[in-house]
Amino acid sequence: MQSYTIGQAARLLGVSPDTARRWADAGRVATHRDESGRRLIDGKSLASFSVAIAHGDGDDDASYTSARNAFPGIVTAIKLGDIAAQVEIQAGPHRLVSLLTREAVEELGLEVGMQATARVKSTSVHVDRT
C-alpha cells in the first residue's frame with residue numbers, strides 16, 4: 001500500500017505541512033515511521049481522513065458554502081469605487097480578480113496582506129475571509 005509523507009499529504013489535503021503535522025500529532029490521522037524515521041500516512045487512512053475533513057467532520061473552523069473550487073491566498077490589491085470594488089488575490093501561481101460591492105469588501109474587512117479564499121463557481125468568484 002502506498003504511504004505519504006506529511007508534506008505530500010498536506011498538498012493532497014490542500015493545507016500547510018504544519019496543519020497536517022498538528023492533525024497527526026492530535027491523532028486525527030494515524031502515522032507510522034519508515035526506516036529513515038520519516039512520519040508516513042498510509043493511503044487508506046489518508047483517503048478516509050480526506051473524505052472526513054471534506055465533510056467538515058470535527059472541523060470547528062470550517063466555512064459553510066456551496067462553492068467548491070477554493071483558492072486560498074493573500075489579498076494583493078483592493079480598488080474601491082463609490083459602489084463597486086475590485087479585489088485581487090494571489091493564490092499560489094494563480095492571480096484571481098473579483099468584482100464585488102464596496103459594501104461587501106467593508107463588511108468582510110478585507111485589507112491588502114490578509115488571507116482570503118477566492119471561491120470560483122462558473123464565472124463568478126466568491127471571496128471568503130479566512
Drop me the distance from Ile78's CD1 to Met114's CE, to the nearest 0.5 angstrom.
8.0 Å

Contact list for residues 106-118, test side-chain hydrogen bond (donor to acceptor under 3.5 Å, both in side chains), sequence neighbours left out
Arg102-Glu106

Test side-chain contact (heavy atoms from CB on, under 4.5 Å) applied to Ala30 - qualifying residues, sequence neighbours left out:
none

Using a 3.5 Å distance criterion without hydrogens, assess whether the side chain of Arg129 forms a donor-acceptor pair with backbone atoms of Leu108.
yes

Distance-only criterion, 3.5 Å: show the donor-acceptor pairs between side-chain atoms of residues 33-41 and protein atoms not counting sequence neighbours.
from, atom 1, to, atom 2, distance (Å)
Arg33, NH1, Gly37, O, 2.8
Asp34, OD1, Ser36, N, 3.0
Asp34, OD1, Ser36, OG, 3.0
Asp34, OD1, Gly37, N, 3.0
Asp34, OD1, Arg38, N, 2.8
Asp34, OD2, Ser36, OG, 3.4
Asp34, OD2, Arg38, NE, 2.9
Asp34, OD2, Arg38, NH2, 3.0
Arg39, NH1, Asp25, OD1, 2.7
Arg39, NH2, Asp25, OD1, 3.1

Go through the structure and list residues passing side-chain hydrogen bond (donor to acceptor under 3.5 Å, both in side chains) with Thr19, not counting sequence neighbours.
Ser16, Arg22

Considering non-hydrogen atoms only, spot the tightest contact between Ser50 and Ala47 and give its length.
OG-O, 2.8 Å

Could you pull out all residues at least two apart from Phe71 that satisfy ring-ring contact (aromatic ring centres under 6.0 Å, His included)?
His94

Test of understanding: with side-chain hydrogen bond (donor to acceptor under 3.5 Å, both in side chains), list the residues that count as partners of Gln8, not counting sequence neighbours.
Thr5

State the OH-CG distance between Tyr4 and Leu13, to the nearest 0.5 angstrom.
10.5 Å

What one should report as the nearest heavy-atom pair of Ala77 and Val112 is CA-CG2, 3.9 Å

ILVMFWY cluster, Leu110 and Ile74 together (side-chain gap under 4.5 Å):
no

Going only through I, L, V, M, F, W and Y residues with side-chain contacts under 4.5 Å, is there a path from Val127 to Leu99?
no

Determine which pairs satisfy salt bridge (Lys or Arg N to Asp or Glu O under 4.0 Å) with at least one residue from residues 2-15, sequence neighbours left out, and list them in order.
none

Say you draw a straight line from OG of Ser98 to CD1 of Ile89; how long is it, rounded to the nearest 0.5 Å?
7.0 Å

Ser45: what forms a side-chain hydrogen bond (donor to acceptor under 3.5 Å, both in side chains) with it, not counting sequence neighbours?
Asp42

Please report the C-alpha distance between Val105 and Val87 in whole Å, then the side-chain angles of each, then the deciding distance to 0.1 Å, and finally whether the side-chain contact (heavy atoms from CB on, under 4.5 Å) criterion is met.
CA-CA 8 Å; Val105 170; Val87 176; 3.7 Å; yes

Which residues pass the side-chain contact (heavy atoms from CB on, under 4.5 Å) test with Ser48, not counting sequence neighbours?
none

Listed once per pair and sorted, the side-chain hydrogen bond (donor to acceptor under 3.5 Å, both in side chains) pairs that draw on residues 76-86, sequence neighbours left out
Gln86-Glu88

Contacts of Ala10 that satisfy side-chain contact (heavy atoms from CB on, under 4.5 Å) - sequence neighbours left out:
Val15, Pro17, Ala20

Which value, rounded to the nearest 0.5 Å, describes the distance between Leu100 atom CG and Ile83 atom CD1?
13.5 Å

